[in-house]
Amino acid sequence: MKLWSILGNSQRLDGGAMFGNAPRAMWAQWSPPDDANRIDLACRALLASPLNGKTVLFETGIGAFFEPKLRERYGVVESRHVLLDSLAEAGFSHEDVDVVVLSHLHFDHAGGLLAPWREGHGPELLFPNATFVVGAEHWQRALNPHPRDRASFIPELTGLLEASGRLELVSGDRCAALGDSVRFHFSQGHTPGLMLAEICGAPGADGQAHGGLVFCADLIPGRPWVHVPITMGYDRFPEMLIDEKRVFLEDKLARNVHLYFTHDPGCALAQLAKDAKGKFTTTHEVAALAARSLAA
């Protein structure tokens, strides 16, 4: 199996919203803002092939489905569908993907499922040969969003996924499409049923998978959020998320599971560590993956 970090369209969003109640003097050191208080964010996917004998894409980024007015409002930088270009650079097309795993259906993680915006045309689903793997609990949230996060969903997307006949809803820690090669963890603090996919490493003496990597999605969007108290203003229950994050990171540190970041513009993969004060930090940071083996 080889791994590729697949960049999608990038964003510039308000730094205060991304760092919750952390003071600007703190977060500006990690993510320097522009004159409009916006910071740079990636929308990075992960491609694994072959994984359980399949070509698997974890998330799709924000894509290019927004009309120009909304693209500007939500800080989408590029007008073209960057994910498709990045897949091509890796030697793949969206038609080659057998499985798309979606941590959740907010537009900056699932918008890349759709074709680029064209005036006079409705949303069109890409990835014609893929099974779409979504958490069952989060699917219900997408069908019936709360007023607080309704704008984070693409109204037409659930209907398109259902009509494809290739939707798999996941309730446990495994799914039919990927078998034992991927284990799912679930979190509630950011959005109900956020699904975190771990590509499992080899079993250790304790019978648990060691090594491997986990797609951190919006539980830990990038390196600054590894610091346990740091949350986003977009998080549903920040205190719950902090508690979930601590348990999640302790488990990954104990099993040496590497962290894969979707929104960090400068880092795709990092190893987890603790500093002299016992705080979580990252080491062996990797900016991009290109046909990299899981063990490398």
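In what follows, residues are counted from 1 in the order of the sequence shown.
Linking ILVMFWY residues whenever their side-chain heavy atoms come closer than 4.5 Å, directly or via other members, places W30 and L259 in the same cluster. Cluster annotation: L161 and M195 are assigned to distinct hydrophobic clusters (Ile/Leu/Val/Met/Phe/Trp/Tyr, side-chain heavy-atom contacts under 4.5 Å, transitive). Using a 4.5 Å cut-off between side-chain heavy atoms of Ile, Leu, Val, Met, Phe, Trp and Tyr, with links allowed through other members, L196 and Y260 fall into different hydrophobic clusters. At a threshold of 4.5 Å between side-chain heavy atoms, the hydrophobic network of Ile, Leu, Val, Met, Phe, Trp and Tyr places F65 and V97 in one connected group. Linking Ile, Leu, Val, Met, Phe, Trp and Tyr residues whenever their side-chain heavy atoms come within less than 4.5 Å places L219 and L272 in a single cluster.
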Could you go step by step and tell me if I220 and L249 meet the side chain to side chain contact (heavy atoms under 4.5 Å, CB included) rule?
CA-CA 10 Å; I220 309 171; L249 290 175; 3.5 Å; yes

As a quick check of understanding, evaluate side chain to side chain contact (heavy atoms under 4.5 Å, CB included) for R236 and H146, giving each step before the final call.
CA-CA 10 Å; R236 173 178 175 238; H146 189 273; over 6 Å; no

Side chain to side chain contact (heavy atoms under 4.5 Å, CB included) assessment of D218 paired with H109
CA-CA 9 Å; D218 278 346; H109 297 259; 2.9 Å; yes

Mind running side chain to side chain contact (heavy atoms under 4.5 Å, CB included) on V82 and V77 for me, showing each step along the way?
CA-CA 10 Å; V82 175; V77 176; over 6 Å; no

R73 and E67: CA distance, side-chain angles, deciding distance, salt bridge (charged side-chain N to carboxylate O under 4.0 Å, His left out) verdict
CA-CA 10 Å; R73 177 186 299 175; E67 61 177 282; over 6 Å; no

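Considering Q271, K252, H284 as possible partners of H258, the one that fulfils the side chain to side chain contact (heavy atoms under 4.5 Å, CB included) test is Q271. L113 pairs in a side chain to side chain contact (heavy atoms under 4.5 Å, CB included) with only one of the listed residues (L160, L57, L102), which is L102.
When only modelled atom types and interatomic distance are considered, R24 and N37 share a side-chain donor-acceptor pair under 3.5 Å. With 3.5 Å as the limit, one finds a donor-acceptor pair spanning the side chains of E244 and S187. H185 and D251 form no side-chain donor-acceptor contact under 3.5 Å, judged by distance and modelled atom types alone.
For R148 against G233, the heavy-atom pair with the smallest separation is NH2-O, 3.1 Å. Looking at every heavy atom in both residues, S93 comes nearest to L87 through C-CD1, 4.4 Å. Here the shortest heavy-atom pairing between T282 and A270 reads CB-CB, 3.8 Å. Looking at every heavy atom in both residues, A130 comes nearest to R166 through O-NH1, 2.6 Å. For the pair V170 and C175, the tightest heavy-atom approach, listed with the atom from each and the gap, is CG2-CB, 3.7 Å. Closest non-hydrogen pair, R141 versus D149, comes out as NE-OD2, 3.0 Å.
Aromatic rings from H190 and Y234 are positioned such that their centres are separated by 6.0 Å or more. Note: H81 and H94 fail the aromatic proximity criterion, with ring centroids not under 6.0 Å apart. A centroid separation of 6.0 Å or more is found between the aromatic rings of F153 and H104.
Ring pair F184/F186 is tilted by interplanar angle, where 30° to 60° counts as tilted. Ring-plane geometry between Y74 and F66 is classed as parallel, the angle between the planes falling under 30 degrees on a 0 to 90 degree scale with a further cut at 60.
In this structure, the side chain of E168 engages the main chain of A177 through a donor-acceptor pair within 3.5 Å. In this structure, the side chain of T60 engages the main chain of G112 through a donor-acceptor pair within 3.5 Å. Not one N or O on the side chain of S152 forms a donor-acceptor pair closer than 3.5 Å with the backbone of H106. A side-chain donor-acceptor contact under 3.5 Å links H138 to the backbone of P192. When atom types are taken as modelled, the side chain of D235 and the backbone of M232 share a donor-acceptor pair closer than 3.5 angstrom. The backbone N or O of A25 sits less than 3.5 Å from a side-chain atom of Q29, completing a donor-acceptor pair. Judged by distance alone, the side chain of K245 and the main-chain N or O of W225 form a donor-acceptor pair under 3.5 Å. Side-chain atoms of N52 never come within 3.5 Å of backbone atoms of K54 as a donor-acceptor pair (strictly under, hydrogens ignored). Looking at N129, its side chain does come within 3.5 Å of a backbone N or O of E95 through a donor-acceptor pair.
Taking the side chain as every heavy atom from C-beta outward, L46 and R44 never approach each other to under 4.5 Å. Under the 4.5 Å side-chain criterion, counting only non-hydrogen atoms from C-beta, V101 is in contact with V56. For the pair F127 and S164, the minimum side-chain heavy-atom distance is 4.5 Å or more. Inter-residue side-chain proximity for E78 and S10 is flagged as met; some heavy-atom pair is nearer than 4.5 Å. For the pair L289 and W4, the minimum side-chain heavy-atom distance is 4.5 Å or more. Using a 4.5 Å cut-off on side-chain heavy atoms (C-beta onward), T281 and V226 make no contact. C43 places a side-chain heavy atom less than 4.5 Å from the side chain of H263. Counting only heavy atoms from C-beta outward, the side chains of D264 and R223 approach each other to under 4.5 Å.
Here the straight-line distance linking atom CZ of R71 with atom CD1 of I62 works out to 11.0 Å at 0.5 Å rounding. Separation of atoms CG (L213) and CZ (R292) is listed at 10.0 Å; rounding is to 0.5 Å. The distance from the NZ atom of K2 to the OG1 atom of T55 is 14.0 Å, given to the nearest 0.5 Å. Note that the CD atom of Q140 and the OG1 atom of T158 stand 10.5 Å from one another [nearest 0.5 Å]. Distance check, rounded to the nearest 0.5 Å: CG of L3 to CZ of F58 gives 8.5 Å. With values rounded to the nearest 0.5 angstrom, E162 atom CD is found 11.0 Å from L157 atom CG.
Scanning for ring pair (Phe, Tyr, Trp, His ring centres under 6.0 Å) contacts around W27 gives F19, with sequence neighbours left out.
In summary, R38 and D34 engage in a salt bridge, as defined by a charged side-chain N under 4.0 Å from a carboxylate O. With salt bridges taken as basic N to acidic carboxylate O contacts below 4.0 Å, one links E250 and K274.
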